[in-house]
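So the structure is just underneath, and the comments pick up after that.
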Amino acid sequence: MPLAITILVMEDEPLIRMDIADQLQNLGFRVIEAANAREAVAQLDANNDIQVMFTDVDMPGDMDGLMLAEAVRNRWPPIKIIVTSGLRGVLLSDMPNGSRCFGKPYKVSDIADAARELLAA
C-alpha cells in the first residue's frame, strides 16, 4: 500500500479547518493543520514529508495565503500548492506556477483529486 499523501491545511476558522482535515483523513491523506502563516511555516520546517499545502487566501496576520504560497514556492519548491478563497477573486497570475485555486464553497473531494493530480504531474 502506498504511503499516504501528507497535506498541510492552513485555515484560520477552526471548525472549517477541523472539517477539512477530517474529510481529507477519511480520503486517506495524512493531515497537518495550521491556523496562520506563522504556524504553517513552523510545520513546514518541522515536517519534511509535507507534499501539498492547501491554504485559504484571507488569513489573519502579516502574511496572507498568496504571500505564503509564494514563500513556500521559493523555500520548498517541490511542495504543491492549492489555494482557496471565498472573499476575493484570485488570478492565476497571483499564484506560483503549477498551483491550483478553488473558490468557496468547494468539495473536499475536488481538493483531494487536485492534490493527487499535482503530485502525479
Side-chain angles (χ1 to χ4, degrees):
M1 184 170 154
L3 293 175
I5 294 169
T6 302
I7 187 168
L8 172 63
V9 173
M10 187 176 87
E11 167 62 59
D12 61 315
E13 295 291 337
L15 293 177
I16 295 172
R17 186 176 62 250
M18 288 187 295
D19 182 52
I20 297 163
D22 286 348
Q23 290 186 61
L24 286 169
Q25 286 171 339
N26 289 339
L27 291 170
F29 288 77
R30 178 175 171 259
V31 179
I32 296 170
E33 298 178 41
N36 55 49
R38 183 182 44 76
E39 283 184 22
V41 169
Q43 292 291 3
L44 288 159
D45 278 335
N47 296 280
N48 62 3
D49 61 338
I50 294 172
Q51 298 161 278
V52 179
M53 179 181 70
F54 176 56
T55 181
D56 190 4
V57 169
D58 297 301
M59 299 293 294
D62 56 356
M63 184 182 284
D64 69 13
L66 291 175
M67 292 163 56
L68 177 66
E70 192 62 38
V72 168
R73 175 58 73 237
N74 292 334
R75 188 164 167 193
W76 296 279
I79 294 177
K80 306 303 181 189
I81 299 167
I82 304 172
V83 173
T84 185
S85 180
L87 299 178
R88 63 174 150 157
V90 176
L91 303 173
L92 277 178
S93 60
D94 294 336
M95 301 186 330
N97 286 340
S99 302
R100 296 274 180 91
C101 183
F102 290 87
K104 289 183 179 179
Y106 52 81
K107 292 193 284 188
V108 174
S109 60
D110 290 341
I111 304 305
D113 290 344
R116 291 184 190 107
E117 289 167 12
L118 286 168
L119 288 170

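Model, not experiment: these values are computed from the prediction.
- Looking at Trp76 and Ile81, their side chains never come closer than 4.5 Å, going by heavy atoms from C-beta outward.
- Taking a cutoff of 4.0 Å between a charged side-chain nitrogen and a carboxylate oxygen, Asp56 and Arg17 do not qualify as a salt bridge.
- The structure places CZ of Arg116 at 11.5 Å from CD1 of Ile111, a figure rounded to the nearest 0.5 Å.
- A heavy-atom distance below 4.5 Å is not found between the side chains of Gln23 and Ile20.
- The line from OH of Tyr106 to OG1 of Thr84 is 5.5 Å long, rounded to the nearest 0.5 Å.
- When side chains are defined from C-beta on, Met53 counts as touching Leu68, because their heavy atoms get closer than 4.5 Å.
- No path of Ile, Leu, Val, Met, Phe, Trp and Tyr side chains, each step under 4.5 Å between heavy atoms, connects Ile50 with Val31, placing them in separate hydrophobic clusters.
- In this structure, the ring of Phe29 has its center no less than 6.0 angstrom from the ring center of Phe54.
- The side-chain heavy atoms of Asp58 and Lys104, taken from C-beta on, include no pair separated by under 4.5 Å.
- At least one donor-acceptor pair under 3.5 Å links the side chain of Arg73 to the backbone N or O of Ile79.
- A side-chain donor-acceptor contact under 3.5 Å links Glu11 to the backbone of Glu13.
- Residues Asp62 and Met67 fail the side-chain proximity criterion, which asks for heavy atoms closer than 4.5 Å.
- In the hydrophobic cluster analysis, where Ile, Leu, Val, Met, Phe, Trp and Tyr join through side-chain heavy atoms closer than 4.5 angstrom, Val72 is grouped apart from Ile82.
- Looking only at side-chain heavy atoms (C-beta outward), Arg75 and Val41 come within less than 4.5 Å of each other.
- Going from atom CD of Glu70 over to atom CG of Asp64 covers 11.5 Å, rounded to the nearest 0.5 Å.
- Taken to the nearest 0.5 Å, the SG atom of Cys101 stands 8.0 Å off from the CG atom of Leu66.
- Inter-residue side-chain proximity for Met18 and Glu33 is flagged as met; some heavy-atom pair is nearer than 4.5 Å.
- Both Val57 and Met10 are part of a single hydrophobic cluster, where members link through side-chain heavy atoms under 4.5 Å apart.
- Here the straight-line distance linking atom CZ of Arg30 with atom CD of Gln51 works out to 9.5 Å at 0.5 Å rounding.
- With contacts defined as side-chain heavy-atom distances shorter than 4.5 Å, the pair Thr6/Asn47 does not qualify.
- A donor-acceptor distance shorter than 3.5 angstrom exists from the side chain of Asn26 to the backbone of Asp22, with no hydrogens or angles considered.
- In this structure, the separation between CG on Leu24 and CD1 on Ile7 is 5.0 Å, given to the nearest 0.5 Å.
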